[in-house]
Amino acid sequence: MSELIIYNTLGRKLEPFKSLVPQKVGMYVCGPTVYGPPHLGHVRGPIVFDVLRRYLSFKDYQVRFVRNITDVGHLVGDADEGEDKLQKQAKLEQLEPMEVAQSYTDQYNWAMDQLNVQRPSIEPKASGHIIEQIEMIQSIIDKGYAYEVNGSVYFDVSAYSKKHNYGELSGRNTEDLIAGAGNESRSLEGQEEKKSPNDFALWKQATPEHIMQWTSPWGKGYPGWHIECSAMSAKYLGESFDIHGGGMDLLFPHHECEIAQSISAHNNEPARYWVHHNMITINGQKMAKSLNNGIKVTELFEGQHPLLSRGFGPKTLRFFVLQAHYRGTLDFSEEALLASEKGMKRLESAIGLIKNLKTSDSATIKVDDIKSAIFDALNDDLNTPIVIAHLFELARRIQIVNDGKETISIEMRDDLDQLMHQVYYNILGMPKINDDSSQNNLNEVMNLVTDIRSSAKIEKNYELSDMIRDRLKAAGITLMDSKEGTTWKID
RNA sequence: GGUCGGAUGGCCGAGCGGCUAGGCAGAGGUCUGCAAAACCUUUUACACCGGUUCGAAUCCGGUUCCGACCUCCA
């Protein structure tokens, strides 16, 4: 098997993957800010990095996968008074901030479980690592790359730029940034405190209304945007580790700032490989809470959305995401989802045929050519759409054998079975449970039953209609009659 | 205004110098009492204008559209 080639945003080119420590990989992925329910935009990164993680594990690497939970310190983007996001929601909902964070964390993890995304090896919370963040900020101050003003601490980009390259990841330079700063894309509190508009906050002084605040050498406050990832990745993966993943929208400023912070504090490039996935778009625009065009994961599963005529299972969603390369945008629509679902079902029905395929002494079909093609595609910057295309070719061959037009040997059939399971379930991580069709089947059956019962009622055959209702009740399903028709629910 | 990335058939989406991507939809067929499902076969592309080349969706230049980001929203 040849080696994995991965696109490194740092350097903007494809590079062979080599781990720092033989057969071990440290991987950090920026996790969610838990201030809202998970939507489609949250789903792609976890799936993509889950496949990368699974593939590295498949290649016998021992992977430590760290994904944080951001539960403090971030400000609301759209015009407001700079309240902490979590605090704002908490006021709205009359709950403790941590209660809100916990609830959304649970929802997020539930969605990840549904999508068969493996839980991280470590899932650190920003709120649980304030001390580490303070220590790192102090270290940056000590090195001369940060300064304190009125209880807040800012990173000194120009001081840093004298020795290092601020912009090495995003390809920006400080002059451009200052030129662009005049566009008034946003007005931020505390701008006038900074030496330069390029400087970013490491620690913010808290106003008395802030519920979430911690004691620091600079007074009461809360950590800035970017420091948590730097502090936590260093704590659990070391000052230098293998892979840092995230969405392309995080490239600047978040990841650029992480690099600057880590180099300042540790004198080390934090990550060897920076891997960025592209966004899911809807009508050509990225899906984000701030744009208010998000489809919640639960809305997708249940079909409760104006763009959806019915629900789609997590399995379909995962397949849909993997049918596009992670670095390209993926445009969402029900039509596209429908296409993925049908293809996926066809593929799975072929997989289901393998075990019962009739075998012969000699085989007239091949498997090895596809097998190597699949791993070539995986090694080629995780080209999952190509992998899936090859899987469809395999499905076609399975059907041909099943139709008796070609033959397969026992060994080859076992090989095929193993290959399909390795690739489809273990590496692509497709959920094994048949969530989609079982739910759809139930819907169909229930529609049939309620139709029959409606006819019975029209014919005043209440004996039959009541019998149906009673039997369903006994089976745990309640029917509810109304003027509009009959609805049902599972008790 | 700056930085970066896109424009592929009805839809989603690979390819990145010559070779059918793939899926869905459409068409034809096999099967079937009729359907459905399943399976087989198959039509339709490379934003525009120049250039390089024996040969370009793929390389170069220009044009037009679209998107992301631009520091205290991951």
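Reminder, nothing fancy here: chain letters follow the sequence lines and each chain counts from 1.
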Does R172(A) make a side-chain donor-acceptor contact with the base of rC69(B), cut-off 3.5 Å? yes
With the side chain of [X] defined as its heavy atoms from C-beta on, choose the nearest nucleotide among [options].
X: P385(A); options: rA14(B), rU71(B), rC11(B); answer: rA14(B)
X: A336(A); options: rC12(B), rU71(B), rG10(B); answer: rC12(B)
X: F252(A); options: rG13(B), rC70(B), rC11(B); answer: rC70(B)
X: F320(A); options: rA14(B), rA21(B), rC12(B); answer: rC12(B)
X: D403(A); options: rU71(B), rC39(B), rC24(B); answer: rC39(B)
X: P253(A); options: rG13(B), rC70(B), rG22(B); answer: rC70(B)
X: H325(A); options: rA14(B), rU71(B), rC24(B); answer: rA14(B)
X: C257(A); options: rA21(B), rU71(B), rC12(B); answer: rU71(B)
X: R12(A); options: rC24(B), rC4(B), rU71(B); answer: rC4(B)

Taking atom NZ as the centre, does K143(A) end up with more than 12 heavy-atom neighbours from other residues, nucleotides or ligands that are less than 6.0 angstrom away? yes
Would you say [X] places a side-chain N or O within less than 4.0 Å of OP1 or OP2 belonging to [N]?
X: K342(A); N: rA25(B); answer: yes
X: R346(A); N: rC24(B); answer: yes
X: R396(A); N: rU41(B); answer: yes
X: Q399(A); N: rC39(B); answer: yes
X: N383(A); N: rG13(B); answer: no

On RNA chain B, check which nucleotide each of N278(A) and A201(A) is closest to and give me the residue with the more 5' one. N278(A)
Pick the nucleotide of RNA chain B nearest each of W203(A) and R327(A); which residue has the one closer to the 5' end? R327(A)
Side-chain ion pair, R396(A) and E393(A), N-O less than 4.0 Å: yes
Base, sugar-phosphate, or nothing for [X], non-hydrogen atoms under 4.0 angstrom?
X: S340(A); answer: nothing
X: S170(A); answer: sugar-phosphate
X: G31(A); answer: sugar-phosphate

Over 60° means perpendicular and under 30° means parallel, so tell me whether Y28(A) and F241(A) are parallel, tilted or perpendicular. tilted
Would you call the rings of H226(A) and H254(A) parallel, tilted or perpendicular, where under 30° means parallel and over 60° means perpendicular? tilted
Give a yes/no verdict on a cation-pi contact between R53(A) and Y55(A), requiring under 6.0 Å between NZ or CZ and the six-membered ring centre and an angle within 45° of the axis. no
Could you tell me how far apart L330(A) (CG) and rC12(B) (P) are, to the nearest whole angstrom? 10 Å
Please name the residue in the list E135(A), Q133(A), E132(A) that meets the side-chain hydrogen bond (donor to acceptor under 3.5 Å, both in side chains) test with K235(A). E132(A)
